[in-house]
Novice: 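My questions all concern the structure below.
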Amino acid sequence: MRKYVTEVLADHHVSEIETNMMVLAVDEVCANIIIHGHAGKDFEKVSLSIDFKTEGVQFEIIDYGHAFDIVNYEEPIIGELIKNKNKGGIGIMLVKKIMDSIEFQSTQNKNVLRLFKKVTFED
């Protein structure tokens, strides 16, 4: 997945820095979906599409596991995470910092997450 996103963004002349940030965000979201939403079930599908708009890039991630509403997720307090030696909770914060907008929709059996990032396309 990381290779696919990197290659598609490179084909559209997205800078290396922006590409690395978006790859990190998409990877984090997909890893969370697979680990937590699908509980590691190998047969569950996650689809990823990339759409280029004039002002940036939109990633659409569809899955059929347990829903997690990233939009309404309350970020943990960093100091508390460190104090309690928690290893989780920082990835979603990172995704929200990297992306310019995030949309989440869920029905009984389908989750759709859209991540959008404004980018300047290089020549």
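Starting from 1, each residue takes its place in the sequence as its number.
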Novice: Would you say Asn111's side chain and Gly65's backbone share a donor-acceptor pair under 3.5 angstrom?
Specialist: yes

Novice: Any side-chain heavy-atom pair from Lys53 and Val57 closer than 4.5 angstrom?
Specialist: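 Lys53 vs Val57: side chains apart.
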
Novice: State, yes or no, whether a side-chain contact exists between Leu113 and Glu103 at a heavy-atom distance under 4.5 Å.
Specialist: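 Of all side-chain heavy-atom pairs linking Glu103 with Leu113, none is under 4.5 Å.
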
Novice: Check each of Glu60, Glu55, Met99 against Phe116 using the side-chain contact (heavy atoms from CB on, under 4.5 Å) test, and report the only one that passes.
Specialist: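 Passing option: Glu55.
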
Novice: Okay, side chain of Asp27, backbone of Val23: is any donor-acceptor separation there less than 3.5 Å?
Specialist: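 Not a single qualifying donor-acceptor pair exists.
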
Novice: Would you call Val8 and Phe52 a side-chain contact if the rule is heavy atoms closer than 4.5 Å?
Specialist: yes

Novice: Are a donor atom and an acceptor atom from the side chains of Ser15 and Glu18 found within less than 3.5 Å of each other?
Specialist: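 Side-chain D/A pair, Ser15 to Glu18: present.
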
Novice: Quick check: closest heavy atoms across Leu115 and Ile61, and the distance to 0.1 Å?
Specialist: CD1-CD1, 4.1 Å

Novice: Enter the distance from Lys97:NZ to Leu24:CG here, rounded to the nearest 0.5 Å.
Specialist: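 The CG atom of Leu24 is 14.0 Å from NZ of Lys97, to the nearest 0.5 Å.
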
Novice: How long is the straight-line distance from OG1 of Thr6 back to CZ of Arg2, given to the nearest 0.5 Å?
Specialist: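 The OG1 atom of Thr6 is 7.0 Å from CZ of Arg2, to the nearest 0.5 Å.
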
Novice: Using 0.5 Å steps for rounding, measure from the CE atom of Met22 to the CD1 atom of Ile98.
Specialist: 9.5 Å

Novice: To the nearest 0.5 Å, how far apart are CD1 in Ile102 and CZ in Phe59?
Specialist: 12.0 Å

Novice: Report yes if some heavy atom in the side chain of Gln58 is under 4.5 Å from a heavy atom in the side chain of Ile50; otherwise report no.
Specialist: no

Novice: Is any side-chain heavy atom of Val112 less than 4.5 Å from a side-chain heavy atom of Phe104?
Specialist: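 A side-chain contact under 4.5 Å is absent here.
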
Novice: Just verifying a value: how many Å separate Ser106 OG and His66 NE2, rounded to the nearest 0.5 Å?
Specialist: 11.5 Å

Novice: Does Asp100 use its side chain to pair, donor to acceptor, with the backbone of Lys118 at less than 3.5 Å?
Specialist: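 A pair under 3.5 Å: yes.
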
Novice: Dump the intermediate steps for side-chain contact (heavy atoms from CB on, under 4.5 Å) on Lys117 and Met21, then the final yes or no.
Specialist: CA-CA 10 Å; Lys117 177 73 175 166; Met21 289 190 312; 4.1 Å; yes

